[in-house]
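Worksheet: the structure to be examined is printed underneath.
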Amino acid sequence: NAGVTQTPKFRILKIGQSMTLQCTQDMNHNYMYWYRQDPGMGLKLIYYSVGAGITDKGEVPNGYNVSRSTTEDFPLRLELAAPSQTSVYFCASTWGSETQYFGPGTRLLVL
Amino acid sequence: KQEVTQIPAALSVPEGENLVLNCSFTDSAIYNLQWFRQDPGKGLTSLLLIQSSQREQTSGRLNASLDKSSGRSTLYIAASQPGDSATYLCAVYNQGGKLIFGQGTELSVKP
């Protein structure tokens, strides 16, 4: 199994541009999550999904959108990039309340 | 609102020393508590998961304890090695399907 994969690994965006961060898991997990991690900080939950077609907001959802059309994929959309969205983004998946498996992260720089 | 705090923020020890990392949380209504390791520039790797009904979990040189009533967990690392150098994060799994993270303890083990 590849586990949780994320693309791209690194991206530079200009203010106002949009992009989609991709996340795919091959473990048939029902729960998927998007987090952001700022330097020296823990992870903040952006959005999560408990199954295909179901999504919900986390702690810091503003400026982001998600969709979950399949069990495997959980893309995160940034519509109008702002410098405050410069961060490292992690996707994770799990079965219910069990151990979360994390992807390698996407480093995003907004200039 | 659940808050997770980790003390200390950074710790430097000589190789071979036993050490304890601390984690506290404000709401005892949790499903489980998880400890993760994060190497620089990498994603998170799960170390131990303690269910709310358990008192401790062990894996090799690692032992994690949970005292739900006092809102505390400790991660004990025996005979530390330079390869243990990383950031250690604890997270509590709340009702509602969310994992709430602490800010992490950055550990440096000197040869």
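So you know, we letter chains A, B, ... as the sequences are listed, proteins then strands, and number each from 1.
Around the CD atom of B/E106, the shell of radius 6.0 Å holds no more than 12 heavy atoms that belong to other residues, nucleotides or ligands. The environment of CZ in A/R77 is crowded: more than 12 heavy-atom neighbours from other residues, nucleotides or ligands sit within 6.0 Å. Other residues, nucleotides and ligands place more than 12 heavy atoms under 6.0 Å from the CZ atom of B/R61.
Residue contact with chain A, scored on non-hydrogen atoms closer than 4.5 Å, involves the side chain of B/L49 exclusively. Contacts of B/Q38 with chain A are made by side-chain atoms alone, with heavy-atom separations under 4.5 Å and no backbone atom involved.
Atom CH2 of B/W35 is separated from atom OG1 of A/T99 by 15.0 Å, given to the nearest 0.5 angstrom. Atom CD of B/Q103 and atom CG of A/D38 lie 11.0 Å apart (nearest 0.5 Å). A/Q37 contributes atom CD, which lies 6.5 Å from atom CG of B/L89 (distance to the nearest 0.5 angstrom). From B/I100, atom CD1 reaches atom CG of A/L45 across 7.0 Å, with rounding to the nearest 0.5 Å.
Note: the hydrophobic cluster containing B/L99 does not contain B/L21 (ILVMFWY, side chain heavy atoms under 4.5 Å, direct or indirect links). Hydrophobic clustering places A/F102 together with A/Y33 (ILVMFWY residues linked when any side-chain heavy atoms are closer than 4.5 Å, directly or through intermediates). Cluster membership check: B/Y88 does not share its hydrophobic cluster with B/Y93, using side-chain heavy-atom separations under 4.5 Å among Ile, Leu, Val, Met, Phe, Trp and Tyr. Side-chain heavy atoms closer than 4.5 Å link hydrophobic residues (I, L, V, M, F, W, Y) into clusters, and following such links, even through other members, never connects A/F74 to A/Y35. Linking ILVMFWY residues whenever their side-chain heavy atoms come closer than 4.5 Å, directly or via other members, leaves B/Y76 and B/L33 in distinct clusters.
Residues B/L44 and A/Y101 have side chains not in contact (no heavy-atom distance under 4.5 Å, counting atoms from C-beta outward). At a threshold of 4.5 Å between non-hydrogen side-chain atoms, the residues A/E59 and B/K98 do not count as touching. At least one side-chain heavy atom of B/Q51 sits less than 4.5 Å from a side-chain heavy atom of A/E98.
Listed options A/V4, A/V88, A/D56, A/L43 were ranked by heavy-atom pairs under 4.5 angstrom with chain B; first place goes to A/L43.
Scanning all heavy atoms of the two residues, the minimum distance from A/Q100 to B/S46 falls at O-CB, 4.4 Å.
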